[in-house]
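Only heavy atoms go into these numbers, but all of them, side chains included; no hydrogens, no water, no symmetry mates. The model shown is predicted, which means the values in this text are computed figures rather than measured ones. As the structure lists them, so they are numbered: ligands from 1, and atoms in each ligand from 1.
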Amino acid sequence: AIWELAKALGFGRLTRSTPEEHDRIIAYTSQLAHVVSCAYVGSPSAPDFQGFSAGSFKDMTRVARLNEDMWTELFLAGPGSSKRPSTGMAEEGSAMETVTVAASRVYPVHIGGGLLDRCGELTAAATAAGRCLVVSDDTVAPLYGARVLASLEAAGLQASLYTFPAGEQSKNLTTYGKLLEHMAREKLTRSDCVAALGGGVTGDMAGFAAATYQRGIDYIQMPTTFLAASDSSVGGKTAVDLPAGKNLVGAFWPPRLVLCDCDTFQTLPEDTFADGVAETLKHGLIADAAFFDGLMKQPIREHLPAVVRRNVEIKAAVVAEDEYESGKRKLLNFGHTLAHTIEQHYC
Ligand code: GLY
């Protein structure tokens with residue numbers, strides 16, 4: 001029917017595009033609008049529209065930082081360039097790969113090595129926040145806290161660290177309340193942001209604090225476990241536990257950015273690493289048989305960025321279709337529901 005309609009509207013030459021070609025076209029056309037806006041800043045009639053032009057200019061510089069390759073190809077190499085246009089996603093084998101989650105909020109998930117040292121520039125590109133409160137537990141903070149603060153400050157953000165005791169037992173209303181009190185004492189405003197640096201407990205709790213403080217402020221997920229990178233950091237579920245059960249109080253609150261530094265997963269204790277392996281197998285079982293077969297044949301540790309990327313792609317696709325878990329997203333709970341029941345009974 002679309003074909004017939006397009007012809008009736010006078011489109012003489014029609015072609016079907018692959019998903020990759022579609023992404024390239026979108027990347028190209030969305031950048032053109034920014035270029036026109038930027039050119040307009042210098043035009044004589046611009047003063048009437050300074051706000052709009054300035055906003056687009058900020059978007060343009062943000063996109064340029066997020067995807068330097070595409071930027072260079074489109075605007076420096078020029079239309080005659082023989083280089084293949086970028087898909088808007090980082091390419092396989094590059095230092096940083098990016099998967100975009102397109103749900104009620106569109107945000108990038110960056111995956112690669114050494115990303116904690118780049119968290120400042122990447123955070124500045126994803127949010128306009130002036131200050132960043134880094135929330136972490138007392139195991140992770142000594143390992144990565146100083147590096148994260150240094151990178152944020154180098155990018156011009158005012159950064160500080162808040163630490164709570166590590167472990168699932170901290171994921172409760174008391175720790176959450178203390179964190180909110182701290183945010184209020186620090187006079188955080190809606191123009192500031194929170195960064196969750198750690199595993200799933202940290203991400204869930206800092207995310208829930210961000211979702212509820214002043215009715216919602218920006219937050220960044222910086223998962224330091226293979227499990228959190230592959231599941232809980234993506235999709236915007238935030239929560240704390242009640243004595244009656246896990247995750248009984250929470251909110252859907254999408255982050256502005258997820259930063260998966262795969263170097264941090266290599267130093268995890270074996271059983272903590274295995275949590276991520278289980279999550280990976282789950283994704284293979286529910287969504288991608290070929291991925292599952294591949295996992296059986298190759299050591300996961302040697303392909304961590306590619307494995308995390310596939311996990312994130314599978315999760316992002318489900319979240320884009322059913323963000324609020326009215327149907328398909330329940331698939332992601334495959335194994336979780338039973339495990340939560342066993343955990344609640346025995347722990
Ligand atoms: N961990 C399952 C989900 O995010 O839906």
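Checked for salt-bridge contact, Lys328 and Asp322 miss the test: no charged N lies under 4.0 Å from a carboxylate O.
Annotation: side-chain hydrogen bond (donor to acceptor under 3.5 Å, both in side chains) contacts involving residues 253-264, sequence neighbours excluded, comprise Asp218-Arg256.
Enumerated by chain and number, the residues approaching ligand 1 to less than 4.0 Å through a heavy atom are Asp231, Lys237, Lys315, Glu325, Arg329, Leu332, Asn333, His336.
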Take Phe208 and Tyr176 through the test ring pair (Phe, Tyr, Trp, His ring centres under 6.0 Å) and record every step on the way to the result.
-> CA-CA 8 Å; Phe208 186 43; Tyr176 160 74; 4.6 Å; yes
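Partners of Glu323 according to the salt bridge (charged side-chain N to carboxylate O under 4.0 Å, His left out) rule, which considers only residues two or more places apart in sequence or in another chain, do not exist here. Considering only residues two or more places apart in sequence or on other chains, Arg105 meets the salt bridge (charged side-chain N to carboxylate O under 4.0 Å, His left out) condition with none of them.
Side-chain N/O atoms of Glu313 and His283 include no donor and acceptor closer than 3.5 Å.
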